[in-house]
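To start, the structure under review is shown below, and the notes come after it.
As the structure is a prediction and not an experimental result, all values here were calculated from the model. Only this structure's heavy atoms are used, side chains among them; waters, hydrogens and symmetry mates stay out.
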Amino acid sequence: METTLPVPPSGNPATSAAIRDRMAGVEEVEVVVAHCQRATLRVGEVFLKVDGDPAHADVEVRAMAMAPVPTPAILWREPPVLAIAAVPGKALGILGEPSAASPAAWAAAGAAIRRLHDAPLPPWPGRRLDDVAAELDRECAWLLANSVLPAEVVRRNREIAEAALRPWKPVFIHGDLQITHVFVDGDEVTGVIDWSEAAPGDAMFDLATLTLGHEERLDDLLAGYGPGADRDVIRAWWSLRSLLASRWLIEHGFDPDAPGCEFDVLRSRMRET
């Protein structure tokens, strides 16, 4: 598919030329993700993020400026589009498949997350504990009413999730630290992407999100993260996050029942018991 996507003008001619170089000769546009709320396209070495809610881009730009970890370069912003440069390296892995990254790469990711969690808090609010608990009640009720999963799987994971519903000391969290959002080159973290959910929050949520479906890598991650991680709370967030995400995934055309994904995570808790 041919493309003639425009590059917005820049006050700096050298910057405009550099952006055009990144997109020169591109004949295809890759749809990275697309649903009714947002879409991300890749055009050569440029990612174009289109979001119906400009507040998400506001948070992303501000969070990347504050985060003490490698982040993508922002090329330009013309609401509702945010253009960012691709980061070098490869993602730690993808959900549903074993991660090919080394233990040292996972430890490096843990060290990067620790630097983020030790950084000053962003000045906007995060989710409140009461809101998370109310959302969990709603999502479990929906899963049961629609017979999406066996009732015992929902109820057991609801019990496990209780361990995460405790007061936490807020830290600077990424908020959507999926395995595909952390890039490494060898044993070095080269970039962390997709910061629109960044906010003050529970440190264990980030650690759980990154290891969701890759529980066997938790030891490697925590070797780099250092002291203070609560494994029981991380396990609780595996259940809690999977319960909260399932309806959204279904309603937006994704499959939480794909191998290694959210439903497998929930079912695995049953095998543990």
Beyond-backbone contact of [X] with [Y], side-chain heavy atoms, under 4.5 angstrom:
| X | Y | answer |
| --- | --- | --- |
| Leu243 | Leu266 | yes |
| Asp51 | Leu82 | no |
| Val59 | Trp124 | yes |
| Glu60 | His56 | no |
| Arg156 | Ile160 | yes |
| Leu41 | Val32 | no |
| Arg62 | Pro122 | no |
| Thr40 | Val50 | no |

Indicate every side-chain donor-acceptor pair of residues 138-153 with a distance under 3.5 Å to a residue at least two apart or in another chain.
from, atom 1, to, atom 2, distance (Å)
Glu139, OE1, Arg247, NE, 3.1
Glu139, OE2, Arg247, NH2, 3.0
Asn146, ND2, Trp142, O, 2.9

Taking atom [atom1] of [X] and atom [atom2] of [Y], what is their separation to the nearest 0.5 Å?
| X | Y | atom1 | atom2 | value |
| --- | --- | --- | --- | --- |
| Ile84 | Thr71 | CD1 | OG1 | 9.0 Å |
| Ser242 | Leu212 | OG | CG | 4.5 Å |
| Phe172 | Leu116 | CZ | CG | 5.0 Å |
| Arg42 | Lys49 | CZ | NZ | 13.5 Å |
| Asn157 | Trp238 | CG | CH2 | 12.0 Å |
| Leu240 | Arg158 | CG | CZ | 8.5 Å |

Over 60° means perpendicular and under 30° means parallel, so classify the ring planes of Trp237 and Trp168, tilted if in between.
-> tilted
Under 3.5 Å, side chain of [X] to main-chain N/O of [Y], donor-acceptor pair present?
| X | Y | answer |
| --- | --- | --- |
| Arg114 | Tyr225 | yes |
| Ser99 | Leu92 | yes |
| His214 | Gly93 | no |

Residues Asp194 and His181: side-chain donor-acceptor under 3.5 angstrom | yes
Under 4.0 Å between a Lys/Arg side-chain N and an Asp/Glu carboxylate O for [X] and [Y]?
| X | Y | answer |
| --- | --- | --- |
| Arg235 | Asp230 | no |
| Asp202 | Arg166 | yes |
| Asp58 | Arg77 | yes |

How close do [X] and [Y] get, heavy atom to heavy atom, and via which atoms?
| X | Y | value |
| --- | --- | --- |
| Gly126 | Ala199 | CA-CB, 3.8 Å |
| Gly260 | Leu95 | O-CD1, 3.7 Å |
| Pro256 | Ser246 | CG-O, 4.2 Å |
| Ile234 | Ala229 | CD1-CB, 4.4 Å |
| Gly213 | Val265 | N-CG2, 3.9 Å |
| Trp248 | His252 | O-ND1, 2.8 Å |

Stepwise salt bridge (Lys or Arg N to Asp or Glu O under 4.0 Å) test for Arg271 and Asp264 = CA-CA 11 Å; Arg271 292 193 290 273; Asp264 270 359; 6.0 Å; no
Can you give the donor-acceptor pairs under 3.5 Å from side chains of residues 183-193 to other protein atoms, not counting sequence neighbours?
from, atom 1, to, atom 2, distance (Å)
Asp187, OD1, Ser102, OG, 2.6
Thr190, OG1, Pro88, O, 2.5
Thr190, OG1, Phe183, O, 3.3

Can Asp118 and Arg115 be said to form a salt bridge (Lys or Arg N to Asp or Glu O under 4.0 Å), step by step?
-> CA-CA 5 Å; Asp118 287 344; Arg115 291 197 300 274; over 6 Å; no
Does the pair Met66 and Leu121 meet the rule for a side chain to side chain contact (heavy atoms under 4.5 Å, CB included), with working shown?
-> CA-CA 9 Å; Met66 296 177 61; Leu121 290 175; over 6 Å; no
Start with the C-alpha gap between Leu218 and Trp106, add the side-chain angles, then the distance that decides, and say whether side chain to side chain contact (heavy atoms under 4.5 Å, CB included) holds.
-> CA-CA 9 Å; Leu218 181 59; Trp106 277 88; over 6 Å; no
Tell me, please, which residues at least two apart from Trp195 pass side chain to side chain donor-acceptor pair (under 3.5 Å).
-> none
Would you say Phe254 and Ile94 are hydrophobically clustered, going by side-chain heavy atoms of ILVMFWY under 4.5 Å?
-> no
Say whether Val43 and Val87 are linked into one hydrophobic cluster, either directly or through other cluster members, by side-chain heavy-atom distances under 4.5 angstrom.
-> no
Row check, Phe205 ring normal vs Arg127 NZ/CZ: under 6.0 Å, within 45° = yes
Test Leu207 against Met204 for side chain to side chain contact (heavy atoms under 4.5 Å, CB included), laying out the working first.
-> CA-CA 5 Å; Leu207 298 175; Met204 299 304 103; 3.8 Å; yes
Go through the steps for Leu129 and Leu165 under the test side chain to side chain contact (heavy atoms under 4.5 Å, CB included), then give the verdict.
-> CA-CA 7 Å; Leu129 176 59; Leu165 299 177; 4.0 Å; yes
